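All chains are named by letter (A, B, ...) in the order of the sequence lines, taking the proteins before the strands, and each is independently numbered beginning at 1. Here the structure is a predicted model, which means the values were calculated and not measured.
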2 protein chains.
Amino acid sequence: MSYEAITAKVRSGGPGASFDQMTHGLNASAKTRVTALLQRNARRYPAGSNIILEGDESDPFFLVLDGWVALNKSLEDGHVQTIDIILPADVIMPSAEGVSAFDVHALTDVTVCAVPMQELDKLEAADPPHMWTSIRALSAAAKARIAERMLRLGQGSAEMRIAYFLTELYLRVSACNDNQDMVFHLPMTQQQIGEFVGLSSVHVCRTLRRLSRNGLIDTSDHLKTVINDFDSIANIAQIDINQLKAEILPSDC
Amino acid sequence: MSYEAITAKVRSGGPGASFDQMTHGLNASAKTRVTALLQRNARRYPAGSNIILEGDESDPFFLVLDGWVALNKSLEDGHVQTIDIILPADVIMPSAEGVSAFDVHALTDVTVCAVPMQELDKLEAADPPHMWTSIRALSAAAKARIAERMLRLGQGSAEMRIAYFLTELYLRVSACNDNQDMVFHLPMTQQQIGEFVGLSSVHVCRTLRRLSRNGLIDTSDHLKTVINDFDSIANIAQIDINQLKAEILPSDC
DNA sequence: GCGGGTGAATAACCCATCTTAAACTACATG
DNA sequence: CATGTAGTTTAAGATGGGTTATTCACCCGC
């Protein structure tokens with residue numbers, strides 16, 4: 001199943017990973033409520049726009065129906081760090097206290113569905129234990145992703161960070177996916193990749209080109225990123241694939 | 001209240017920030033259960049030992065009663081990154097799925113109290129909503145701490161990272177504290193600080209000495225770290241103090 | 001008082017990555 | 001077709017931080 005197919009699935013009301021996980025075990029009335037929510041609260045944002053700014057009041061949850069979202073923090077001097085990237089069918093949790101800790105930034109055109117607190121309360125009343133268990137699992141997966149990245153951000157070389165970045169996003173994009181070709185759509189500029197992995201855009205370019213020149217990846221077609229030698233890439237990234245999958249992917253994939 | 005006083009408070013059954021938060025609102029029976037748990041499940045670990053290893057089965061929660069704990073991840077090549085540091089009266093959440101995502105490492109002699117899943121279930125049965133709200137708040141504070149650090153890890157200079165490190169830990173150590181002197185006990189080697197801020201121990205030393213030579217801090221007494229010029233340090237760290245306090249400190253301080 | 005171990009301080013050297021800048025490509029717009 | 005804009009590629013020079021190694025200070029056990 002392609003990127004487009006996943007988003008189509010979500011849009012058409014047959015959502016993907018996290019949504020299934022969140023609603024799995026809900027009784028019928030709660031499920032109906034969730035589906036209604038999706039229709040009602042969906043909103044579109046153009047690529048490059050900010051869905052929420054750090055410090056803004058915000059709903060506690062957003063379900064991404066379509067597009068890629070970056071959670072950003074920035075320093076006064078203008079440097080930006082992307083803390084996490086959220087893909088379709090996954091959940092944005094910008095805050096617990098009603099105030100967002102991040103800029104929620106649309107990397108592509110994005111459709112999200114806000115889940116206000118009172119809606120969550122109603123859901124909880126309908127079917128409490130599953131709700132909380134799911135939220136805990138989702139937030140644990142996000143924490144694991146971030147920790148794994150932070151390890152490489154603090155201790156890894158540029159090449160390792162880029163290799164890890166490619167592997168992580170490939171795994172996540174193709175998580176609920178059957179076909180095994182190592183091709184995926186990566187809708188980010190080198191600048192944005194740099195903000196994610198903690199490198200200048202120039203050095204992102206150098207590093208990608210080196211991997212490309214060595215035949216490990218292929219970025220000649222800008223719409224498709226191809227991983228030619230997955231094992232070598234995973235090796236550079238010092239990844240144990242199975243462990244990583246268990247850690248960062250929703251459990252129903 | 002000093003570091004020792006806080007740990008004494010915890011040990012004597014009058015716990016600090018997170019514990020209050022977790023148990024705040026619990027009914028009497030649940031509170032009794034928690035207190036009993038503290039007596040029963042408390043365990044001591046010597047400085048330098050690992051309480052849990054990454055990949056081990058682990059209880060979902062540990063309350064730190066005494067000592068400093070580092071949550072570490074490491075690469076095959078031996079490099080270690082500390083993802084978070086947990087102080088007395090705070091909670092370690094190594095996993096959601098029963099398998100720890102970190103090495104839980106004792107920076108000092110440590111006393112922790114394990115909270116097994118079934119214990120949590122019982123607590124939840126006794127008083128569900130507060131339990132979950134608290135857990136969400138705790139894990140949000142941890143996430144905020146980590147994001148703020150990750151921003152500097154990816155985008156900041158060595159000096160900024162060290163300044164941020166000092167400020168964050170000073171704020172946390174003295175959170176529930178009345179006296180305003182900028183002195184605190186920092187039980188970490190420069191090697192361990194380096195693992196936390198993503199620098200070699202040599203460069204940690206260089207950077208600390210520079211701050212020290214410029215009169216911003218004083219580390220001549222190894223048991224006490226003194227921040228002489230808090231504003232300058234916070235400025236180097238590009239911190240907005242009030243915002244940071246709201247974000248990373250438990251709400252009852 | 002002596003030897004051994006751990007952590008801090010400092011120096012010298014090196015290289016990974018940043019910065020700046022300029023050329024080039026792709027694509028959209030009038 | 002000409003022009004503009006956004007992103008990529010490459011080059012050249014500067015530097016922040018890593019690495020290795022040595023010395024120093026302190027503590028602890030004998």
With a non-hydrogen cut-off below 4.0 angstrom, is B:S157 in contact with a base, only sugar-phosphate, or nothing?
-> sugar-phosphate
Specify the separation, in whole Å, of atom CG of A:L211 and atom C1' of D:dT9.
-> 15 Å
Hey, is B:R172 close enough to B:E148 for a salt bridge, meaning N to O under 4.0 Å?
-> no
Could you check B:M188 against B:V202 and say which one's nearest nucleotide on DNA chain C is further toward the 5' end?
-> B:M188
For residues A:D103 and A:V80, determine if any side-chain heavy atom of one lies less than 4.5 Å from a side-chain heavy atom of the other.
-> no
Figure out the CD/C1' separation between B:E159 and D:dT15, and round it to whole Å.
-> 15 Å
When all nucleic acid strands are considered with a 4.0 Å heavy-atom cut-off, which category describes B:T189: base, sugar-phosphate, or nothing?
-> sugar-phosphate
Between CD1 of B:I162 and C1' of D:dG16 the distance, given in whole Å, is 14 Å
Which part of the nucleic acid, if any, lies within reach of A:R206 when heavy atoms closer than 4.0 Å are counted: base, sugar-phosphate only, or nothing?
-> base
Looking at every strand, decide which applies to B:G198 at a 4.0 Å heavy-atom threshold: base, sugar-phosphate, or nothing.
-> sugar-phosphate
Does one side chain, of B:D56 or B:S58, offer a donor that lies under 3.5 Å from an acceptor on the other?
-> no
B:I193 CD1 to C:dG7 C1', in whole Å, measures 11 Å
Of the candidates D:dT10, C:dC18, D:dG18, the side chain of B:H203 sits closest to D:dG18
Using a 4.5 Å cut-off on heavy atoms from C-beta on, say whether the side chain of B:D66 contacts that of B:D109.
-> no
Using a heavy-atom cut-off of under 4.0 Å over every strand shown, decide if B:L208 touches base, sugar-phosphate, or nothing.
-> nothing
Just how far, in rounded Å, is P of C:dA8 from CG of B:D221?
-> 13 Å
Rounded to the nearest Å, what distance is computed from the CZ atom of residue A:R210 to the C1' atom of nucleotide D:dT10?
-> 14 Å
Taking only the side-chain nitrogens and oxygens of A:Q190, find out if one of them lies under 4.0 Å from OP1 or OP2 of D:dT9.
-> yes
Kindly point out which of D:dT9, C:dC18, D:dG18 is positioned nearest to the side chain of A:C205?
-> D:dT9
Indicate yes or no: at least one non-hydrogen side-chain atom of A:V64 is less than 4.5 angstrom from one of A:V112.
-> yes
N or O in side chain of A:Q191 less than 4.0 angstrom from D:dG7 OP1/OP2 = no
Separation of C:dA16 atom C1' from B:L199 atom CG, nearest Å, is 15 Å
Can you tell me how far C1' of D:dC26 sits from NE2 of B:H222, to the nearest Å?
-> 9 Å
